[in-house]
Amino acid sequence: MAILILIGLVGSWWLLLDRPMLRESANRPIDSILVLGGSISREIYVAQLAKKFPQVPILISRGSSDPCIWLIFQTAAAPIHHVWLQNCATSTFKNYYFALPLLKQWNVHHLKIITSASHLPRAKWLAQIILGSHGIWTEVDVVEEKGIPGNRETWLKTSLDVIRSLIWARVSQYYNPECSQLKHLPVVDFSAWKKRGFKCEHQAGLNNKN
């Protein structure tokens, strides 16, 4: 019975796909970057990437604390005007759940996703299911880790997330959730955070700079 349900969900998702649109999106230039939270190494990587794509909007989904991300971009001398922080997500599924409405608002067609090897293949499959059903082509950059990222993969977790992503691919055609914790990186008050005190992941080497 479970297999029949899964087959039905996959079939429903396949019918949702506009394959000519996806092929067209794949041939477009990258027009947005999504960083999946779980390791500060990903934010260090995207800060360097931001210098190559200064006009491309960047969404960091449930990443490091706001002052750490601000400090990473300042240290890298990377542009921050197009960087947004989203702190509503509590899981990989929720990363895409909350990112999708914003990506649609930005009219994104070709998305670069930043994550780590420990987050695969789940992060890639969920992106292809949820975002692909809206015509968004995705490619993944895998960041080399110095420490141990927060993501842990099991086949049970992957299977459950794939199933609910297939369901959400349908539901998201009609419903757009809103995140109340969305912040533009330039408005982060680093001076206030410095007075309050904060800590970043040690592998970033930032704690002696605040």
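Small disclaimer: the values here were computed from a predicted structure and weren't measured.
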At their closest point, which heavy atom of Glu201 faces which heavy atom of Ile40, and how far apart are they? OE2-N, 3.0 Å
Between Ser116 (side chain only) and His119 (backbone N and O only), is there a donor and an acceptor less than 3.5 Å apart? no
All heavy atoms of Asp31 vs all of Asn107, minimum pair found to be OD2-O, 3.9 Å
Checking salt bridge (Lys or Arg N to Asp or Glu O under 4.0 Å) for the pair Asp161/Arg164: CA distance, chi angles, key distance, verdict? CA-CA 5 Å; Asp161 266 359; Arg164 65 174 175 168; 2.9 Å; yes
For Ala78 versus Ala50, what's the shortest heavy-atom pair and its separation? CB-CB, 4.3 Å
Should we say atom NZ of Lys124 is surrounded by more than 12 heavy atoms from elsewhere, each under 6.0 Å from it? no
Quick one: do Phe98 and Leu182 end up in the same hydrophobic cluster if we chain Ile, Leu, Val, Met, Phe, Trp and Tyr together by side-chain heavy atoms under 4.5 Å apart? yes
Between atom CH2 of Trp137 and atom CZ of Arg28, what is the distance when rounded to the nearest 0.5 Å? 14.0 Å
Residues which pass ring-ring contact (aromatic ring centres under 6.0 Å, His included) with Trp70, listed by chain and number, not counting sequence neighbours: Phe190
According to a hydrophobic-cluster definition based on side-chain heavy atoms being under 4.5 Å apart (Ile, Leu, Val, Met, Phe, Trp, Tyr only), do Leu126 and Leu156 belong together? no
Hey, any chance Leu102 and Val187 share a hydrophobic cluster, counting ILVMFWY side chains that come within less than 4.5 Å of each other, even indirectly? no
Assess the residue pair Leu185 and Ile58 against the criterion (side chain to side chain contact (heavy atoms under 4.5 Å, CB included)); give the C-alpha distance rounded to whole Å, side-chain angles, the decisive distance to 0.1 Å, and a yes or no. CA-CA 10 Å; Leu185 185 56; Ile58 297 172; over 6 Å; no
Evaluate the side chain to side chain contact (heavy atoms under 4.5 Å, CB included) criterion for residues Ile60 and Ile33: first the C-alpha distance (whole Å), next the side-chain angles of each, then the deciding distance (0.1 Å), finally the verdict. CA-CA 8 Å; Ile60 300 176; Ile33 300 171; over 6 Å; no
Residue pair Glu24, His109: steps toward the side chain to side chain contact (heavy atoms under 4.5 Å, CB included) verdict: CA-CA 9 Å; Glu24 181 183 344; His109 297 279; over 6 Å; no
Side chains of Asn176 and Leu100: does their closest heavy-atom pair fall under 4.5 Å? no
His81: what forms a ring-ring contact (aromatic ring centres under 6.0 Å, His included) with it, not counting sequence neighbours? His184
Applied to residues 49-64, the side chain to side chain donor-acceptor pair (under 3.5 Å) test, sequence neighbours excluded, yields Glu43-Ser64, Gln48-Lys51, Gln55-His82, Ser61-Gln86, Ser61-Asn95
Working note: Lys183 + Asn87, criterion side-chain hydrogen bond (donor to acceptor under 3.5 Å, both in side chains); need CA distance, chi angles, decisive distance, verdict. CA-CA 8 Å; Lys183 181 178 293 183; Asn87 289 314; over 6 Å; no
Leu59 CG to Leu36 CG distance, which is reported to the nearest 0.5 Å: 9.5 Å
Between NZ on residue Lys194 and CG on residue Leu71, distance to nearest 0.5 Å: 9.0 Å
Grab the two heavy atoms, one from Thr92 and one from Ala123, that are nearest each other, plus how far apart they are. CG2-CA, 4.2 Å
Would you check if Leu85 and Val188 make a side-chain contact, meaning some heavy-atom pair closer than 4.5 Å? yes
Could you state the interatomic distance from NZ (Lys112) to CG (Leu49), rounded to the nearest 0.5 Å? 6.0 Å
From Asp141 CG over to Leu34 CG, what is the distance, rounded to the nearest 0.5 angstrom? 11.5 Å
Please tell me if the side chains of Tyr96 and Trp168 come closer than 4.5 Å, counting only heavy atoms from C-beta onward. no
I would like to know whether Thr138 and Gln128 meet side chain to side chain contact (heavy atoms under 4.5 Å, CB included); could you show each step before the answer? CA-CA 7 Å; Thr138 57; Gln128 290 173 334; 4.0 Å; yes
Closest approach of Ala127 to Ile113 (non-hydrogen atoms, all atoms of both residues): CB-CD1, 3.4 Å
I need the minimum non-hydrogen distance between Val56 and Ile30, along with the two atoms involved. CG2-O, 3.8 Å
Nearest-0.5 Å distance that lies between atom SG in Cys68 and atom CZ in Phe73: 13.0 Å
Hey, quick one: are Trp125 and Val171 part of the same hydrophobic cluster, counting side-chain heavy atoms closer than 4.5 Å, chains of contacts allowed? yes
For the residue pair Arg196 and Trp193, would you count it as a cation-pi contact if the rule is NZ or CZ under 6.0 angstrom from the ring centre and within 45 degrees of the ring axis? yes
